[in-house]
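Report on one structure; see the data block that follows.
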Amino acid sequence: EIMYQAVGGMDKIAKGFEGALKNTIKYNAEVLELRQDESGVRVPYKNTLTGEMQVEKADYCITTIPVGILAKLGTDLPELCKEAMAAPRKMAVGKLALQMNRRFWEEDDNIYGGSSSTGIPGHTVIYPSYGYCGKKGVIQSAYAFGPAALKLGRLDLNEQVKQAIERSEKIHPDQFEKYYDNKAFSISWHNTKYSEAGWAAWGPARQKYVPILREPQGRVYFAGDQISNITGWQVGAIESAWTQIE
């Protein structure tokens with residue numbers, strides 16, 4: 001089975017929606033509350049650049065705010081819905097990627113895409129599925145969940161790089177350190193404002209609470225991978241949108 005990737009990275013999917021919606025998106029808007037009554041919905045928000053407080057009004061609201069964050073805001077949602085929003089754990093997730101000045105995994109090892117692991121929690125080498133046979137490449141060198149992600153997120157970037165190279169050298173001896181291009185980036189979603197998690201981790205609570213969030217709560221509808229059966233994947237978010245549109 002081949003999993004295809006959008007040219008330029010998966011955020012191009014979001015950029016595509018952004019281009020189609022053009023001027024309907026309001027940026028730098030921090031939602032503060034979600035209010036509703038029999039006549040409509042109100043969304044008070046703050047302009048994060050100016051500090052100005054404003055209110056958006058509509059007949060209905062479809063919210064994709066992570067339920068763990070929405071649960072902390074002021075809402076007029078039913079108590080059982082509030083209970084459902086607060087039910088999933090916030091999954092700690094972190095990633096690290098390194099730029100290499102030579103695609104040694106292809107040239108020396110005939111590896112094109114896929115992944116390797118030492119079995120150490122949080123350590124996964126994921127090879128790029130694009131730019132084959134090019135001069136340089138960005139190689140994912142950590143993908144951590146749960147406790148491993150919390151540990152990774154406490155390290156600064158230099159410490160993360162050092163750890164990743166040491167671990168990855170066991171898979172690619174004398175290659176990772178030699179061809180590292182001194183450029184790297186990392187993210188810890190659980191340390192990121194407005195996300196606070198990689199995704200909603202439901203566990204046994206899914207069966208009880210997800211059906212509640214899939215139903216209209218007054219004039220409020222929920223969408224996003226968090227109410228799908230494919231949590232943490234873009235396809236789950238898209239399928240949830242189809243469900244709520246129906």
Side-chain angles (χ1 to χ4, degrees), residues 13-14 17-18 20-21 23-93 146 149-150 187-246:
I13 302 292
F17 281 115
E18 182 183 38
L21 292 168
N23 299 323
T24 61
I25 302 173
K26 291 192 176 180
Y27 296 92
N28 305 302
E30 180 179 351
V31 172
L32 303 175
E33 299 176 47
L34 176 52
R35 299 298 182 182
Q36 65 172 327
D37 55 32
E38 292 181 358
S39 61
V41 295
R42 292 181 298 107
V43 182
Y45 69 94
K46 179 177 72 175
N47 184 314
T48 57
L49 297 181
T50 65
E52 182 184 1
M53 311 297 285
Q54 294 177 281
V55 178
E56 190 74 27
K57 296 180 180 180
D59 294 333
Y60 294 91
C61 171
I62 300 175
T63 173
T64 60
I65 293 174
V67 288
I69 291 180
L70 188 57
K72 298 189 293 183
L73 303 183
T75 67
D76 298 318
L77 295 164
E79 289 305 312
L80 188 57
C81 178
K82 291 180 179 180
E83 188 179 310
M85 292 191 302
R89 289 184 299 108
K90 294 179 179 180
M91 177 60 77
V93 183
L150 295 175
I187 184 168
S188 294
W189 280 279
H190 51 284
N191 293 333
T192 303
K193 193 173 183 180
Y194 309 127
S195 296
E196 297 182 2
W199 51 78
W202 281 102
R206 176 190 295 275
Q207 189 172 359
K208 178 180 179 181
Y209 291 119
V210 168
I212 295 169
L213 298 176
R214 287 179 178 169
E215 292 297 319
Q217 301 295 321
R219 291 176 171 268
V220 175
Y221 291 73
F222 291 85
D225 68 290
Q226 56 195 352
I227 68 158
S228 78
N229 291 326
I230 318 174
T231 310
W233 293 83
Q234 284 189 4
V235 65
I238 292 169
E239 288 186 3
S240 82
W242 291 338
T243 300
Q244 299 305 61
I245 286 168
E246 288 178 359

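The figures here come from the full heavy-atom set of this structure, side chains too, leaving out hydrogens, waters and symmetry mates.
One distance of note links OH of Tyr27 with CD1 of Ile25; it measures 4.0 Å at 0.5 Å rounding. Remark: Asn47 CG to Gln54 CD distance equals 6.5 Å, nearest 0.5 Å. Atom-to-atom distance recorded for Leu150:CG and Ser188:OG is 8.5 Å, nearest 0.5 angstrom. To the nearest 0.5 Å, the span separating CD on Gln234 from CD1 on Ile13 amounts to 5.5 Å. To the nearest 0.5 Å, atom NZ of residue Lys46 and atom CD of residue Glu30 are 5.0 Å apart. In this structure, OH on Tyr221 lies 6.0 Å from OH on Tyr60, to the nearest 0.5 angstrom.
Between Gln226 and Val67 the shortest heavy-atom distance is OE1-N, 2.8 Å. Considering every non-hydrogen atom in both Ala197 and Lys90, the closest pair reads CB-CB, 3.6 Å. Nearest heavy-atom pair, Leu77 versus Gln36, reported as atom, atom and distance to 0.1 Å: CD2-NE2, 3.8 Å. Taking each heavy atom of Ser240 and Gly224 in turn, the nearest pair found is OG-N, 2.7 Å. Taking both residues in full, the closest heavy atoms of Asp59 and Ser39 are given as OD1-O, 4.4 Å, listed atom of the first, atom of the second, then distance. Pairing each heavy atom of Leu73 with each of Val31, the nearest pair is CD1-O, 3.7 Å.
By the 4.5 Å heavy-atom criterion applied to side chains, Lys57 and Val41 are not counted as neighbours. Side chains of Lys26 and Tyr45 form a contact here, defined as non-hydrogen atoms less than 4.5 Å apart. Put simply, the side chain of Asp76 does not reach to within 4.5 Å of the side chain of Leu34, judged on heavy atoms. Annotation: side chain of Phe222 is not in contact with side chain of Thr243 (no heavy-atom distance under 4.5 Å). By the 4.5 Å heavy-atom criterion applied to side chains, Cys81 and Leu213 are counted as neighbours. Proximity of Glu215 to Gln244: side-chain heavy atoms (C-beta onward) are nowhere separated by under 4.5 Å. Side-chain contact between Gln217 and Pro78: present, with at least one pair of heavy atoms (C-beta onward) separated by less than 4.5 Å. A heavy-atom distance below 4.5 Å is not found between the side chains of Glu33 and Arg42.
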Exercise. Take Trp199 and Asp225 through the side chain to side chain contact (heavy atoms under 4.5 Å, CB included) test and state the conclusion after the steps.
Key: CA-CA 8 Å; Trp199 51 78; Asp225 68 290; 4.0 Å; yes

Quiz item: So Arg35 and Val55, side chain to side chain contact (heavy atoms under 4.5 Å, CB included) or not? Walk me through it.
Solution: CA-CA 10 Å; Arg35 299 298 182 182; Val55 178; over 6 Å; no

Exercise. Test Lys72 against Met85 for side chain to side chain contact (heavy atoms under 4.5 Å, CB included), laying out the working first.
Key: CA-CA 9 Å; Lys72 298 189 293 183; Met85 292 191 302; over 6 Å; no

Practice problem: For Trp189 and Ile187, run side chain to side chain contact (heavy atoms under 4.5 Å, CB included): C-alpha distance rounded to whole Å, both residues' side-chain angles, the deciding distance at 0.1 Å, then the answer. | Solution: CA-CA 6 Å; Trp189 280 279; Ile187 184 168; 3.5 Å; yes

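Checking Arg206 against Thr231 by side-chain atom types alone, a donor-acceptor pair falls below 3.5 Å.
With a 6.0 Å radius and a threshold of 12 heavy atoms from other residues, nucleotides or ligands, Phe17 has its CZ atom at or below the threshold.
In this structure a side-chain-to-backbone donor-acceptor pair under 3.5 Å is missing from His190 to Glu196.
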